[in-house]
Amino acid sequence: MRRLRACLGATAAVGLAALGTTALVAGNASGAPSAQDALSNRWYAAAPYLMPLDNDPPAAGAIMDATGLKAFQLAFVLAPDGGGCSPTWDGKAPVSSDTAVKSVIDSIRAKGGDVSVSIGGYGGTKLGQACSDPAATAAAYQQVVTKYGLHAIDFDLEEPEYENTAAIRNEIGAAKILQQNNPGLYVSVTTAGTADGTGWFGKQMLLEAKSQGFTPNNFSIMPFDGGFNGAASQTAALTKFNQVLQSTFGWNEATAYAHEGFSGMNGRSDTGEMFPQSDFQTVLDFATAHNMDRFTFWSLNRDRQCSPPDNGGRTSGTCSSVPQNSWDFAKYSVKFAGATPPTTPPTTPPPTTPPPGTGCRTAWDAGTAYTGGSEVSYGRHNWKAKWWTQNETPGASQWGPWQDEGAC
């Protein structure tokens with residue numbers, strides 16, 4: 001969810017080759033995993049985004065157990081909010097002293113999985129903006145690769161950074177240096193999607209890559225938040241983007257698809273577009289039929305049902321705003337990786353009788369003014385007002401005036 005998250009904190013032969021690739025990454029002498037710990041590239045290509053420090057992060061191990069997912073795209077590495085050319089998580093937590101994200105990574109690897117790290121995104125200051133040149137930018141990212149023993153990295157280049165030509169030159173140059181210095185490192189580049197594939201700035205970014213002689217494993221577009229209407233509009237954008245890649249790099253159609261990726265948004269997008277499970281299946285079918293290199297989505301933090309399921313017509317960073325089982329969307333990533341998700345229970349669990357004392361309070365009314373301590377019910381939960389409030393929906397914001405007292 002490129003905007004909301006900022007506010008909240010080839011052929012069949014190519015596919016088989018990707019499945020058998022083992023990444024060799026520099027930095028193993030400092031305690032990073034050996035080459036044998038790398039997953040196949042197809043898993044890194046399928047890794048959905050997970051914010052490990054924000055947006056009510058779910059337990060990665062629980063997702064792995066429920067879906068068979070093995071790879072996660074951890075977001076986001078940025079420059080420090082106070083300035084400087086050193087990597088941090090979300091602009092706040094220095095990578096050099098991090099233990100929290102490393103603990104998440106260790107838990108994933110202990111279960112046979114692995115991670116890629118995404119840099120950039122929509123919010124905050126990017127290292128390409130803060131560092132002086134491509135070499136300095138690459139040195140900052142190398143700290144991340146070395147600390148976590150990474151076999152994969154994602155460059156999320158979008159607004160507002162990709163409007164800065166110097167910053168994009170630094171990012172593309174850094175990506176090329178990392179690729180050269182870490183043989184086998186899986187590198188994806190993610191950018192905005194439009195009906196024309198990608199916009200002017202996205203096309204300028206591709207031209208910068210061409211001028212530097214840099215070819216990542218894939219260039220992925222995000223066909224959402226741009227007036228899209230379901231899977232048909234997304235596959236049309238992917239077709240257009242394929243043509244952009246052909247014209248930019250001189251590739252034929254198959255080669256372009258082998259270097260193309262999709263990064264979607266599950267459920268309700270920031271602008272109110274709706275992408276339910278059926279749309280994900282359609283795009284997955286398109287991606288596999290065209291031997292595309294990547295299929296991912298934003299985000300696992302949102303891959304669970306809201307209460308109520310439509311979240312009152314709002315977009316959330318912690319649930320999808322569509323009816324679903326937990327981790328429904330993660331299973332499409334598992335399928336793209338070539339695995340079969342385990343079967344799950346029915347969507348609707350059997351009704352339970354609330355224990356004594358959990359009856360619903362008077363229903364919340366938008367026109368009523370409530371003082372601190374007032375209790376109401378909304379979405380089959382009871383809520384208590386923390387302070388005076390009117391026309392603020394219970395549960396609409398994690399930091400809003402209402403405290404969730406549980407189901408009723």
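As a basis for the values below, the full set of heavy atoms in this structure was taken, side chains included, without hydrogen atoms, waters or symmetry mates.
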**Asked** Given the rule in the side-chain contact (heavy atoms from CB on, under 4.5 Å) test, do Lys92 and Leu53 qualify, once you have shown the distances and angles that lead to the verdict?
**Response** CA-CA 10 Å; Lys92 300 173 179 63; Leu53 301 179; over 6 Å; no
**Asked** Taking Asn382 for the side chain and Arg361 for the main chain, is one N or O donor matched with an acceptor at less than 3.5 Å?
**Response** yes
**Asked** Quick one: CD1 on Ile153 to CG on Asn182, what's the gap to the nearest 0.5 Å?
**Response** 8.5 Å
**Message:** Any heavy-atom pair between the side chains of Asp328 and Gln305 that's under 4.5 Å?
**Reply:** no
**Asked** Are any side-chain N or O atoms of Thr198 and backbone N or O atoms of Ala192, one a donor and one an acceptor, separated by less than 3.5 Å?
**Response** yes
**Asked** Is the number of heavy atoms from other residues, nucleotides or ligands within 6.0 Å of NZ (Lys203) greater than 12?
**Response** yes
**Prompt:** Going through the checks in order, is the side-chain contact (heavy atoms from CB on, under 4.5 Å) test met by Lys176 and Gln180?
**Reply:** CA-CA 6 Å; Lys176 182 179 179 180; Gln180 293 170 337; 3.4 Å; yes
**Prompt:** Closest heavy-atom contact between Trp89 and Val101?
**Reply:** CZ2-CG1, 3.4 Å
**Asked** Would you say Asp279 and Met274 make side-chain contact, with heavy atoms under 4.5 Å?
**Response** no
**Request:** Verify, without hydrogens or angle tests, whether Gln73 (side chain) and Ser299 (backbone) share a donor-acceptor contact under 3.5 angstrom.
**Result:** no
**Item:** ring pair (Phe, Tyr, Trp, His ring centres under 6.0 Å) partner of Phe262, the single match among Phe336, Tyr332, Phe295, Phe275
**Value:** Phe295
**Request:** Evaluate the ring planes of Phe329 and Phe297, with Trp represented by its six-membered ring, and classify them as parallel (under 30°), tilted (30 to 60°) or perpendicular (over 60°).
**Result:** tilted
**Prompt:** With the threshold set at 4.0 Å, does a side-chain nitrogen-carboxylate oxygen contact exist between Arg304 and Asp56?
**Reply:** yes
**Asked** Under the 3.5 angstrom rule, does the side chain of Arg268 hit a backbone N or O of Val322 as a donor-acceptor pair?
**Response** no
**Request:** Mind checking the CG-CD spacing from Asp365 to Gln390? Nearest 0.5 Å is all I need.
**Result:** 9.0 Å
**Request:** Any chance you could measure Glu158, atom CD, to Ile221, atom CD1, to the nearest 0.5 Å?
**Result:** 13.0 Å
**Prompt:** Okay, side chain of Asp196, backbone of Lys240: is any donor-acceptor separation there less than 3.5 Å?
**Reply:** no
**Request:** To the nearest 0.5 Å, tell me how far Leu185 CG sits from His151 NE2.
**Result:** 9.0 Å
**Request:** Mark yes or no for whether Asp114, through its side chain, and Ala71, through its backbone, hold a donor-acceptor pair below 3.5 Å.
**Result:** no
**4.5 Å side-chain heavy-atom contact, Asn55 and Arg302** = no
**Asked** Rounded to the nearest 0.5 Å, what separation is found between the NZ atom of Lys210 and the CD1 atom of Ile172?
**Response** 14.5 Å
**Request:** Specify whether Phe249 and Trp251 have parallel, tilted or perpendicular ring planes, treating 30° as the upper limit for parallel and 60° as the lower limit for perpendicular.
**Result:** parallel
**Message:** According to salt bridge (Lys or Arg N to Asp or Glu O under 4.0 Å), who are the partners of Lys384, at least two apart in sequence or on a separate chain?
**Reply:** Glu405
**Message:** Strictly distance-based, threshold 3.5 Å: is any side-chain N or O of Asn311 a donor or acceptor partner for the main-chain N or O of Gly313?
**Reply:** no
**Message:** Do Gln324 and Asp303 make a side-chain contact, defined as non-hydrogen atoms from C-beta onward lying under 4.5 Å apart?
**Reply:** yes
**Message:** Parallel, tilted or perpendicular: which one describes the rings of Tyr49 and Phe76, with boundaries at 30° and 60°?
**Reply:** tilted
**Request:** State, yes or no, whether a side-chain contact exists between Asp225 and Tyr122 at a heavy-atom distance under 4.5 Å.
**Result:** no
**Asked** Glu208 versus Phe214: any side-chain heavy-atom pair under 4.5 Å?
**Response** no
**Item:** Modelled atom types, side-chain donor and acceptor of Asp154 and Thr190, under 3.5 Å
**Value:** yes
**Message:** Would you call the rings of Phe155 and Tyr141 parallel, tilted or perpendicular, taking 30° and 60° as the class edges?
**Reply:** perpendicular
Could you go through residues 128-136 and list every donor-acceptor pair under 3.5 Å that involves a side-chain atom there, pairing it with any protein atom two or more places apart or in another chain?
residue	atom	partner	partner atom	Å
Gln129	OE1	Lys126	N	2.8
Asp133	OD1	Ala135	N	3.2
Asp133	OD1	Ala136	N	2.8

**Message:** Side chains of Asn301 and Leu50, heavy atoms from C-beta outward: is any pair under 4.5 Å?
**Reply:** yes
**Prompt:** Which class fits the ring pair Phe201 and Tyr162: parallel under 30°, tilted 30 to 60°, perpendicular over 60°?
**Reply:** tilted
**Message:** Any non-hydrogen side-chain atom of Val104 less than 4.5 Å from a side-chain atom of Phe72?
**Reply:** no
**Item:** Side chain Thr235, main chain Val283, donor-acceptor under 3.5 Å
**Value:** no
**Item:** Spacing of CE belonging to Met292 relative to CG belonging to Leu238, to within rounding of 0.5 Å
**Value:** 4.5 Å
**Prompt:** Donor-acceptor pair, Ser116 side chain versus Ala152 backbone, under 3.5 Å?
**Reply:** yes
**Message:** As a quick check of understanding, evaluate side-chain hydrogen bond (donor to acceptor under 3.5 Å, both in side chains) for Ser220 and Asn218, giving each step before the final call.
**Reply:** CA-CA 6 Å; Ser220 298; Asn218 68 77; 2.7 Å; yes
**Request:** Kindly indicate, with the supporting measurements, whether the criterion side-chain contact (heavy atoms from CB on, under 4.5 Å) is fulfilled by Asp37 and Arg109.
**Result:** CA-CA 8 Å; Asp37 291 316; Arg109 287 175 171 165; over 6 Å; no
**Request:** Show your working on side-chain contact (heavy atoms from CB on, under 4.5 Å) between Arg169 and Gln212 and close with a plain yes or no.
**Result:** CA-CA 9 Å; Arg169 187 176 304 114; Gln212 293 197 34; 3.7 Å; yes
**Request:** Start with the C-alpha gap between Asp270 and Thr315, add the side-chain angles, then the distance that decides, and say whether side-chain hydrogen bond (donor to acceptor under 3.5 Å, both in side chains) holds.
**Result:** CA-CA 6 Å; Asp270 310 284; Thr315 305; 5.8 Å; no
**Item:** Backbone of Ala337 reached by a side-chain donor or acceptor of Lys70 within 3.5 Å
**Value:** no
